[in-house]
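Data first, discussion second: the structure below is written as structure tokens.
FYI, side chains are in, hydrogens and waters are out, and symmetry mates aren't considered; it's all heavy atoms of this structure. For ligands, and for the atoms within them, numbers begin at 1 and follow the listed sequence.
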Amino acid sequence: MSSTRVFLHAHPDDEALLTAGTMARMAAQGQRVVLVVATDGEAGLADSSADLGLRRRAETLASARALGCARVEFLGYGDSGIDGGAPDSFCATPVDQAAERIAALLVEERADLVTSYDPAGGYGHPDHIQLHHVGALAARMARTPVLLEATVDRDLLLRAIRAAQRLRLAPTDVRAERFLDSYVPGSAITHRVNVRRYAAQKRASMAAHASQASGGAGVRTLAALLRLPAPVFRLVLGTEWYVRHDL
Ligand SMILES: [Zn+2]
């Protein structure tokens, strides 16, 4: 019997950077992969902000197709932006309300695994911290047996950023100091998933989010990663990290 894995994300393109390889790998193994996105990412950067939410939904559907997802659900909460502004935003929604909606979906899907984010919300975005709390409560409500918190090995990340800075390869919007309290230390990681075989799908997922690769000023992280030659891309983006909790 195939199993169902539900990937919770805060914004369109978070799936591409954090869990795309794992999703493609599970889908290729015949598992049912469901993507749930809390907001439309309308506070993201873009050259033109008109209908950005709609555009980002379309980009997410294209990304999900590239990864082999069986279903995509948009919860439609407001994108708080990095400063946590808007009153109707996901991060301002009561945790139990949002968790109830997700728990209903987990029950409907009979999910045996759900993913969320680490307690720091990765790099500290208020919607990501909220997703950590909402995901944990939803998994308990639905009695989903396994919760995986998607994260990054912070020690590895800091070493990589400092090396890139020494070689003057770092994107202009990336500074190592910003990440000192981000994600989790390497010692906390329980699962390092090798997704090198799914690098092409992961790259397609990232490329689908074109509004975030080209919009805004300066060199964007997504754009910089997409410019990496294929062998380097496989090396840099060939691992995804999780902290597992059995419920
Ligand atoms: Zn996000």
Side-chain angles (χ1 to χ4, degrees), residues 6-23 34-46 49 52-64 67 69 72-86 88-93 95 98-99 101-102 114-136 138 148-152 154 157 171 173-175 178-179 181-184 202 205-216 218 220-226 237 240-243:
V6 176
F7 286 77
L8 303 180
H9 282 288
H11 311 101
D13 88 1
D14 289 327
E15 87 289 0
L17 287 165
L18 275 173
T19 65
T22 309
M23 294 165 79
V34 175
L35 171 61
V36 178
V37 188
T39 77
D40 293 349
E42 67 275 11
L45 295 178
S49 64
L52 180 60
L54 277 178
R55 185 171 166 199
R56 299 198 69 188
R57 278 197 184 207
E59 291 174 349
T60 302
L61 293 176
S63 158
L67 300 175
C69 292
V72 182
E73 279 296 316
F74 296 98
L75 300 182
Y77 291 109
D79 179 349
S80 75
I82 189 73
D83 304 321
D88 63 339
S89 67
F90 179 54
C91 74
T93 304
V95 170
R101 288 182 65 189
I102 293 168
V114 61
T115 73
S116 68
Y117 297 155
D118 61 64
Y123 56 91
H125 192 300
D127 287 335
H128 287 225
I129 296 170
Q130 173 81 340
L131 194 104
H132 164 76
H133 296 298
V134 168
L148 289 183
E149 291 177 357
T151 188
V152 170
R154 180 204 301 156
L157 177 71
D173 59 348
V174 172
R175 296 267 174 282
R178 245 180 64 194
F179 295 98
D181 298 314
S182 299
Y183 303 103
V184 302
K202 183 167 181 168
S205 162
M206 288 165 60
H209 294 284
S211 68
Q212 300 309 294
S214 60
R220 306 293 313 280
T221 303
L222 198 57
L225 293 172
L226 283 170
L237 293 160
E240 291 172 352
W241 300 270
Y242 299 90
V243 178

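Here the side chain of Asp79 pairs no donor or acceptor atom with the backbone of Thr39 at under 3.5 angstrom.
The name of the N, O or S atom in Asp14 nearest to the Zn ion (ligand 1) is OD2. Taking the Zn ion (ligand 1) as reference, His11 places its N/O/S atom ND1 nearest.
The existence of a salt bridge linking Asp40 and Arg56 is excluded, since no basic side-chain nitrogen approaches an acidic carboxylate oxygen closer than 4.0 Å.
Here the NE2-NE2 distance, from His11 to His128, works out to 5.0 Å after rounding to the nearest 0.5 Å.
Metal site remark for the Zn ion (ligand 1): His128 contributes an N, O or S atom at a distance under 2.8 Å.
Using modelled atom types, one finds a donor on one side chain and an acceptor on the other under 3.5 Å when comparing Thr19 with His9.
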